[in-house]
Amino acid sequence: MKGTFALLDIAGYVALLLWGTHMVTSGVLRGYGSALRRWMGRYLGHRPAALGFGVCVTAVLQSSTATGLMATSFAASGFLGLAPGLAVMLGANVGTTLIVQVMSFDIAVVAPVLILIGFTIHRRTDDVSYENIGRVSIGLGLMLLALHLLVGAMAPVENAQVLRAILQSLASEPVLAMLVAALLTWACHSSVAVVLLIVSLANAGVVDAPGAMALVLGANLGGTIPALMEAHTPVARRLPMGNLLVRAFGCLVCLPMLALIAHRLAPLGASPARIAVNFHTAFNLALALIFIVPVDNLARLLVRLLPEPPKPNDPGVPQYLDAGALGSANVALANAARESMRMADMVEGMLTGLVEVFGKDDRLRASAIGRMDSSLDRLGMAIREYLTDLGGEALNEEDGERSQEILAFVINIEHIGDITANNLMEFAAKKAERGQDFSAEDIQDLALMHAQVMESLRLGLTVFLRGDVRAAQQLVARKEVLWKLENEASERHIRALRERRDGGDVYLRILRDLKRIHSHLAALAYLPLERAGLLQDRLVRERVTT
């Protein structure tokens, strides 16, 4: 029974270690995930910068798996090139070894201090950024506490002959040991936790140095599996597949030479635990140095192995809403924003041919615009459901605002599609049925107002993508231009109706709906203006002028 209780203790402490790792990762991502996303998108065009970023961000996140999932989603969405993404992963693999190096020393004395500091910060502040700092501090403290408890729990294991026999048999079969450790790492989603567990086993004398090194190889191999399993498209699988190939190459090279490598590493520390930790660092550092130069060739190989599938004919089918990215809010929001831009492209295509539809009674064009609306609605529904699945708990204040921006963008774009496909195309059909013709002056006014709407659409996309306050101000200011154009065109048309009866009220409704479309575009500017404290001033001025 003592052995059973010891195993339960070990399982509980491993769970505590995993939870501490999760708290650190989630705290950093919630507090600084958006900043990491922007930094990744702007500065990772070069391999050395990408490698250094991978090392630093993984050392902060305490998880190469989290870095891998983030980089995989960005590479799949086009925000990060495949070659820089591979360099990020090489750096992430090195970053995990730094964590293990620090954690392998006996620094458990600071665990209560970190937990106390983190708890105090988390409870005594309403600032979300400070709350996340507290969460990170608590997570680090729990990790150190779990490692300290693991060392004590390993003492009975030394006398558990059955367990010792099993582990020692695994140590004598390095391939089997590697596979078992790989499966355990995949189940835990944390190579750091598994390597630290291996170090504890080595400290307890349960496994010798070569056996611990074989298990470390398995942890490295298993750390590549979560990102690969959670990628659902060939493009998304390229980066985790590249990481898997790199580490598999290293495992194949090192497996036959474990005893020799252990002998070479002994001068740096003769204990099995120290040899395992140093081997973990040397293994990933060597792979980074070997593959950082031919990383472009590896990227081309992965593109050939995993070609991009043909895009679906149905534009209403989402292409970027990766469910595997929902665990990382900033990645999921980037995916939703990219999918929202597809909606904007569809609406732009619907609006582009409006003048031709009314000027030339192009029924084929009108029919195509009408059919596009159902695809637009289905894509908008998919984006809203994706944002709902993301939930509120994983969002910091900045991510929450971005989620609201995307949602507002999707809703306004859907309304524009409805107005275009339902109202305007209905007017086009009535005009064609009645054989009505607009005058050359009417068409000219319509084309001028349409051009203003298209320019506002481009401004709206700038506001959505960059949060540009100046563009937002310009977009709202253009409402007056559209009001003026509508009034002038309406007055001219009404004067002409006194002399002729062509067009009737259809033309006036078209002008009204173009102004409604612009109102939905102008609504995209309100959130950025509100954040900048400029919206209230704008509303006051509008009330005064009206």
Side-chain angles (χ1 to χ4, degrees), residues 21 24-25 28 36 39-40 43-44 46-72 74-75 80 82-105 140 143 181-182 185 189-196 198-199 212-213 215-228 239-254 261 264-265 268-269 274-296 298-299:
T21 304
V24 174
T25 303
V28 173
L36 291 175
W39 204 94
M40 183 179 286
Y43 303 112
L44 297 190
H46 302 288
R47 288 173 294 182
L51 180 70
F53 177 84
V55 173
C56 296
V57 76
T58 304
V60 172
L61 291 178
Q62 307 283 300
S63 173
S64 62
T65 301
T67 306
L69 291 173
M70 184 188 299
T72 296
F74 282 132
L80 179 66
L82 182 57
L86 291 168
V88 168
M89 289 312 306
L90 292 174
N93 298 337
V94 175
T96 60
T97 71
L98 302 181
I99 303 167
V100 173
Q101 285 284 358
V102 173
M103 295 292 184
S104 64
F105 293 101
L140 288 172
M143 291 178 68
T185 305
H189 275 51
S190 175
S191 60
V192 172
V194 174
V195 171
L196 291 174
I198 295 167
V199 171
M213 292 164 63
L215 292 171
V216 167
L217 287 178
N220 279 274
L221 193 63
T224 67
I225 299 176
L228 183 62
L239 184 57
M241 177 60 74
N243 193 31
L244 175 62
L245 292 176
V246 167
R247 285 191 166 181
F249 169 81
C251 291
L252 290 175
V253 171
C254 292
I261 296 173
R264 296 291 186 182
L265 291 176
L268 299 177
R274 177 48 49 188
I275 290 175
V277 170
N278 291 336
F279 171 68
H280 184 46
T281 301
F283 175 79
N284 286 285
L285 187 58
L287 289 179
L289 295 175
I290 291 171
F291 283 94
I292 189 63
V293 175
V295 71
D296 292 316
L298 179 58

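These values consider heavy atoms only, across backbone and side chains, with no hydrogens, waters or symmetry-generated copies.
- Residues Gln101 and Asn278 are in side-chain contact: their nearest non-hydrogen atoms beyond the backbone lie under 4.5 Å apart.
- Between Ala83 and Val295, the shortest heavy-atom distance links the atoms O-CG2, 3.6 Å.
- Atom CZ of Phe283 sits about 5.0 Å away from atom CG of Asn220, to the nearest 0.5 Å.
- With values rounded to the nearest 0.5 angstrom, Ile290 atom CD1 is found 10.5 Å from Leu90 atom CG.
- When each of Ile292, Leu51, Leu239, Leu245 is paired with Leu86, the side-chain contact (heavy atoms from CB on, under 4.5 Å) condition holds for Leu239 and for no other.
- Looking only at side-chain heavy atoms (C-beta outward), Leu244 and Leu221 come within less than 4.5 Å of each other.
- The closest side-chain heavy-atom distance from Thr224 to Val246 is not below 4.5 Å.
- Between Leu287 and Arg247, the shortest heavy-atom contact is CD1-CA, 4.1 Å.
- Scanning all heavy atoms of the two residues, the minimum distance from Gly269 to Ile275 falls at O-CG1, 3.1 Å.
- For Ile225, the side chain to side chain contact (heavy atoms under 4.5 Å, CB included) partners are Trp186, Met229, not counting sequence neighbours.
- In this structure, the side chain to side chain contact (heavy atoms under 4.5 Å, CB included) partners of Thr97, at least two apart in sequence or on a different chain, are Val94, His280, Thr281, Asn284.
- Partners of Ile261 by side chain to side chain contact (heavy atoms under 4.5 Å, CB included), not counting sequence neighbours, listed by chain and number: Met213, Cys254, Met257, Leu265, Phe279.
- Between atom CD1 of residue Ile198 and atom CG of residue Leu215 there is a gap of 4.5 Å, rounded to the nearest 0.5 Å.
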